[in-house]
Amino acid sequence: MTPPATITDDLITRLSRHVAASGAETIASVEVFTGETLATLPCSSVRDVADAVHAARVPQARWAELDVRERMGVFERFHKLVLDERETIADLIQAETGKARRYAFEDLIEPAITTSHYLKAAPRLLRARARKGMMPLAIKATELRQPKGVVGIISPWNFPFALGMSDSIPALMAGNAVVLKPDSQTALSPLYGVDLLYRAGLPEGLITVVLGDGPTVGGALVDNADYVGFTGSTRTGAEVGARAAARLIGCSLELGGKNPMIVLPDANVAAAVDGAVTSAFANTGQLCMHIERIYVHESVHDAFLAKFVDATRALKLGARYDYQCDVGSLISTRQRKAVAEHVDDARAKGATVHVGGGSREDLGPAFYEPTVLTGVTPDMACFAEETFGPVVSIYPFRDEEDAIALANDTSYGLNASVYGRDLDRARRVAHRLRAGTVNVNDGHAAAYSSMDAPMGGMGSSGLGRRHGVEGLLKYTEAQNVAVQRVRVIPPPKAIPYGRYTGIMARSLRLMRRIGLR
Ligand code: NAD
């Protein structure tokens, strides 16, 4: 297999120019389907990261002075470019992740949807707002949204284009500069996104990419940026959070999950099977919101399991740069070994493997079969730990209380799903699940694609949210500019302080009575 013709040496040279790197050290990018080297990219040093943040401060200050509407033209054009150049972006994503092309398409469409949402929402959310002053008419308070400055975005490999771009775009819209550190395995597609932003007219220097070892280069970014948007594992997120806290800078942490689905007794079993197959095996199971635990009411458990196993067996695996396969490769042989360890451990301790359970090196070095387990018990690694691969466990439950307790029996709280025909009942169950997003009659996409609503994790799945109001305002500092029109605090000099306290007490009583304060 040869990499797509769109990935040329000229393109790699152009993309490399967006990396802040002064030395000769390089990073190899690999075509996952074959394990062959795809590109050689520059590697940044700790000093390069500090310099990149420093260099971004001058263009950031100019960018912040523009009215938010003046900034929006860039993103209007970016949105168009992403859609126009979708096949090239999909080639890059597939080459560096090995995912099936339909998930490369989801990866690239996400920043287009996010951009479109904030093109509409950002001018409203960022505008100055009049706030009530202490004394009506006497004080006029205005809430402003000032950019943080230079935002560091640290992103993982599983949705490299989406997670690199979709967190950077609202940060830029809010008037910040961005220094982006994607995972080195998957730097090409976010670099292409950065290239598109500049082609869309983003002023020079407002977004720079740094590449290299996670703890070294990512750590340096946390040490220099004014705010950090991190997406990745819970273990790294805790380190990033502690490092940001030591500098008293803010951060948002979008972390891992062990996401449950509940199939209630009245669920449409065929629809639940369809949703479960999609959400368990989407992106080869390397999706933070994907379903790894399915709790099925005992009255429909056997019917669900039989249909689910059949549907899983019917999935088409393959290494192809077209839309013919349902499931692609895992990101690396390392990830394939980690997934196999979970399955082998479960099998050795007595779990049943109904379908899958093996590598498919005949298709490519990192392929692993979609796998369905039952009989998973707490002593098995895949019971509570995130597998982050195409492996799902199915359990029966007795009643609603049982299902809720089982679903909530985790330190994570990212995503959950409930299937049931009675929507009042399904909603009632949803409200009791400890997860940042809950999908009713869907596995994950309904909540994720609702950009106007927040998305993020409870518990060890993270801090803060992307999308919605918070997904933009987290990149700003709230500032209150209060103008005193009539001198009320401290009291006018002509009034003795003793008399002032009496007037003040009477005024406060009156304001309370008429509801002014
Ligand atoms: P990871 O934590 O290993 O790496 C994420 C990023 O952090 C990479 O760019 C990496 O180079 C960098 N990094 C590593 N160590 C660092 C350090 N000490 N300081 C700063 N940066 C550092 O995660 P991963 O394996 O790349 O991604 C998979 C994980 O991400 C899974 O747990 C998945 O659930 C999670 N994830 C969460 C979301 C979400 O929105 N909640 C989305 C996608 C993935």
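First listed ligand is number 1; within each ligand, the first listed atom is number 1. The structure presented is a predicted model; accordingly, all values stated were derived computationally and were not measured. Residues: numbered from 1 along the sequence shown. All heavy atoms count here, side chains included; hydrogens, waters and symmetry mates do not.
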Problem - Side-chain heavy-atom pair Ile394, Phe308 within 4.5 angstrom cut-off - result: yes

Atom pairs, nitrogen or oxygen, ligand 1 to protein, under 3.5 angstrom:
unit_1, atom_1, unit_2, atom_2, d
ligand 1, 2 (O), Ser233, N, 2.9
ligand 1, 2 (O), Ser233, OG, 2.7
ligand 1, 2 (O), Thr236, OG1, 2.8
ligand 1, 9 (O), Ser155, O, 2.7
ligand 1, 9 (O), Lys181, NZ, 3.3
ligand 1, 11 (O), Lys181, NZ, 3.0
ligand 1, 18 (N), Glu239, OE1, 3.1
ligand 1, 23 (O), Ser233, N, 3.3
ligand 1, 25 (O), Trp157, NE1, 3.3
ligand 1, 26 (O), Trp157, NE1, 3.1
ligand 1, 30 (O), Gly232, O, 3.2
ligand 1, 32 (O), Glu386, OE1, 2.6
ligand 1, 34 (O), Glu386, OE2, 2.6
ligand 1, 40 (O), Arg466, NH1, 2.8
ligand 1, 41 (N), Leu255, N, 3.2
ligand 1, 41 (N), Leu255, O, 2.7

Exercise for the section: Would you please indicate if the ring centroids of Tyr321 and Phe33 are separated by under 6.0 Å? Expected result: yes

Practice task
For Ser45 and Asp48, test the side chains for any donor-to-acceptor distance below 3.5 angstrom and give the result as yes or no.
Solution key: yes

Exercise for the section: Determine whether the aromatic ring centres of Phe397 and Tyr295 lie less than 6.0 Å apart. Expected result: no

Handout entry: Side-chain touch Glu110/Met165, heavy atoms, less than 4.5 angstrom
Key = no

Exercise for the section: For Phe383, check ring pair (Phe, Tyr, Trp, His ring centres under 6.0 Å) against everything at least two apart and list the hits. Expected result: none

